[in-house]
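Written out below as C-alpha cells is the structure these notes cover.
Letters A, B, ... are given to chains in the order of the sequence lines, protein chains preceding strands, and every chain is numbered from 1. Computed from heavy atoms alone, side chains included, the values below leave out hydrogens, waters and symmetry copies.
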Number of protein chains: 2
Amino acid sequence: MSLRQMQYLVTVVEQGSFTRAAELLHVTQSALSHQIKALERESGGPLLERLPRGVRLTPMGRAYFPHAELAVRSAAQARRAALATAGAESGELHIATVHAHAVGVLPEVCARWGREHGGVRLVLHEYATTEDLFAHMERGVADLAVGPRPEKWPGPVTVVGTEEMVMVLPPGDPLAGRAAVRIDEVADRPWVRCALEPVLAGRRWLDVECERAGFTPRTAVRTQHTSTAVRMAAAGVGVLITAAHELTGLDCTAVPTDPPWRREITAFSRVPPTGAAARFVTLLRETGVPGGGR
Amino acid sequence: MSLRQMQYLVTVVEQGSFTRAAELLHVTQSALSHQIKALERESGGPLLERLPRGVRLTPMGRAYFPHAELAVRSAAQARRAALATAGAESGELHIATVHAHAVGVLPEVCARWGREHGGVRLVLHEYATTEDLFAHMERGVADLAVGPRPEKWPGPVTVVGTEEMVMVLPPGDPLAGRAAVRIDEVADRPWVRCALEPVLAGRRWLDVECERAGFTPRTAVRTQHTSTAVRMAAAGVGVLITAAHELTGLDCTAVPTDPPWRREITAFSRVPPTGAAARFVTLLRETGVPGGGR
DNA sequence: CCCCACCATGAACGTTCTTCATGGCCTCCA
DNA sequence: TGGAGGCCATGAAGAACGTTCATGGTGGGG
C-alpha cells in the first residue's frame, strides 16, 4: 500500500479512465493496471468498477478514496513545505481562493511575488463559492487559502486585510453621487444575490441587515460568481453590495453603505505557514489589501 | 518520496531515536538511515538533527513533519476503511475518545461490539481533554471519535445520545436526598473543576451558569481526568457537576440539577462513516447512551 | 581511557515496479 | 453482422528500489 498506488488511484478516479490517467502520470497503462490491481488485492476487494466506458468507484472504493486523496495531497504539501523552507528559491506554492478574490486582491500580490520570489511558482486554485474553497482546503489541495474568514476551521487563520463593501448601482442612478446610502433606502428594489456573500454565524449578512432594517430583500437574480453579479447590478438588474475593489474597470457607480460594512480577508492553512507560505501571508498584508494587517 | 519514508520519519521522530524506531518498525537501523537519507535528499536538506543523544527535527523538518504525519495516518485510515467495507469480518476500527467517555459509555458498547462483530478489533485512543481529542482527530489518528460535540469540526457529526448532568456530593451531605438542587444553593461552596467540562460557545458551561446565578465559582482543585474529579467530589473536596454515568460504583450522592442540564454525546469523523465505523455509530445509538438517537 | 550506544556508509542480494508485447471484451458503425 | 478501435488485463523480462550485512566514525560515561 504505497503512496504511488494511491496517487494512481486518485488520478484514475479523477480522469475516469486508466488510459488518460496513464498519460497524465507519464507511465504506461499497464503499470497502472498492475498497481491498481495490487492495491485492490491488499485492500481485500475491488475499488474500481470497470465499465465498458471508463471506470467508477465501488462502494468500497468510495470508503477508501477520500482518505487516499488526503494522504496523497498531504504528501505533496509536505514536499512543498520542505522545499519552501530549504531553498526558498524554487518549488511551488499552492494558493486556494475564491474567484472574487483571485480577480480582486491577488493580481497585485502575485505581481510583487513574481518580482521578489521569482523562483517559487504560484499555483492558484480558484473556486466559485466559499463552500467549495473550504471543502477543497479540507481535502488538502493547497498550502494556503485566501478568502473570507472561515466559520469553522481547525487551523491558523490570519486576517490579512478588510474590504469596504459598497452598493453597486447602474450609471445614472438617482442615488449615485451620494456620500453613503442606508440600506432601507433601497428596500423596495430587487437585489442581485451571489453565492459568495459574507456569512455571519450561519446567516447571510444581507439577510440579517435587511431584517434589522425591517424588510425582506427581494431577489431578482442569484449568481455563482461575484463578477457576474457585478455586471448584473451595473446593468440595472438590481442592487448589489459587494467589495469595492471588484468594480475596477466597470462602468457603474459604487456608493458606500451607511453604516459602513467591512468584511475580513483572511489567510488560513492547516498548519502554521512556514517558508514561502509565511512570506506570502506577509506580502498579502503589506500589499494591496485595504486595511491590511489589522 | 514514498509513504514508507514518511512512516519511517514519523516513527523516528516519535521515538526520538533511529534504533528504537527500527525495532518498532521491524527493520534494521541501517534501512532507516538509508530511507531517511533518501527522503532528505529529495526534500532538499536535512529534516533531522542528529544529536549525540537521539534526534530532533530541524526547522525544515518541522515544516515537513505535520503533513507527513497526516499522510501516513490517512493512508492507514484508507486501508482500514476499505477492509471494514470489504469483509467486515476482520480488521481494526480506531476510536478516539476522552477518558471520561471511555470509562463511562463505551464499555457496554464495546462488549456488544465484541459479541456482534468479533472479527473487527477495536483500538481505543483515549485523551485526557477534549482539546487533545480534537487535535489528534485532526491529525487523523482514528476513524471515528466519540465525545462532546466539537465546536469546530469540518466533517459529519452525529448525536448518539445525551447525558444527564448531576451534582456530586459526599455521602451524608445535607443536600443529599433532594430531588434536585439549584446551582445558587451551593454558591458558597468550593468547586472541583475539570479539564473536560462542557464548553458552550467558547466559555465553560459552569462559568456561564454561575454568572447567570450571580456568583463566581471558587475553585478548590482543578483536575485533568474526570474520574479524578469525581473522587475529589466524593471525598468532599468540593462540588462537581458531571455526567451521571461516571459515578457508577462510587460511594457518593448524585442529585440532578435544577434546571436539568444535559450534554450531547456525539460521534464525529472526517468522512461519513462507512462499514465498521457506521455500524459502530448505530451501536452507540442503540446501546447504553441515555437519550440515544435524538 | 576504553567501552558502549548510536548513527552513517558501501556492497550484495532480494523484492518491487515498469515496460513491452499481446490478449480479451465491448461498442460503434458500415 | 463483422471489422475497427477504444479500453483494460495479463505475463515475462529488465530496471529500479529497499533491505541486509558488515563495518566505520563519533561522543559520552564508567
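For the 3.5 Å distance criterion, the side chains of A:Gln29 and A:Ser33 qualify, holding a donor opposite an acceptor. Counting only N and O atoms by type, the side chains of A:His67 and B:Arg270 include a donor and acceptor under 3.5 Å apart.
The distance from atom CG of A:Leu51 to atom P of C:dC28 is 13 Å, rounded to the nearest whole Å. Whole-Å rounding puts the A:Glu49 CD to C:dC25 P distance at 19 Å. Atom CD in B:Glu42 sits about 14 Å away from atom C1' in D:dG18, given to the nearest Å. One interatomic measurement links the two molecules: CD of B:Glu40 to P of C:dT9, which rounds to 10 Å at whole-angstrom precision.
Remark: A:Glu92 does not engage A:Arg80 in a salt bridge, criterion side-chain N to carboxylate O under 4.0 Å. Classification of A:Arg112 and A:Glu286 as a salt-bridged pair holds, one side-chain N sitting under 4.0 Å from a carboxylate O.
Contacts between residues 4-29 of chain B and DNA chain D, counted as heavy-atom distances below 4.0 Å, involve B:Arg4, B:Tyr8, B:Val27, B:Thr28. Within residues 31-39 of chain A, the residues approached by DNA chain C to less than 4.0 Å at the level of any non-hydrogen atom are A:Ala31, A:His34, A:Gln35, in residue-number order.
A distance of 7.0 Å separates CD of B:Glu42 from CG of B:Leu39, quoted to the nearest 0.5 Å. Separation of atoms CD (A:Gln5) and CG (B:Leu3) is listed at 9.5 Å; rounding is to 0.5 Å. Atoms CG and CD, from A:Leu70 and B:Gln77 in turn, are 8.5 Å apart once rounded to the nearest 0.5 Å. In this structure, A:Leu93 CG and A:Leu83 CG are separated by 12.0 Å, a value rounded to the nearest 0.5 Å.
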Once base and sugar-phosphate atoms are separated, protein heavy atoms under 4.0 Å mark nucleotides 24-30 of chain D, 5' to 3', with B, S and - as ---SS--
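Between the A:Ser269 side chain and the A:Pro272 main chain, no donor and acceptor come within less than 3.5 Å of each other. Side-chain N or O atoms of A:Thr58 include one that pairs as donor or acceptor with a backbone N or O of A:Leu47 at under 3.5 Å.
In plain terms, the two heavy atoms of A:Glu116 and A:Leu283 that are nearest each other are OE1-CD1, 3.8 Å.
Considering only side-chain N and O atoms, B:Arg50 lies under 4.0 angstrom from the phosphate OP1 or OP2 of C:dA8.
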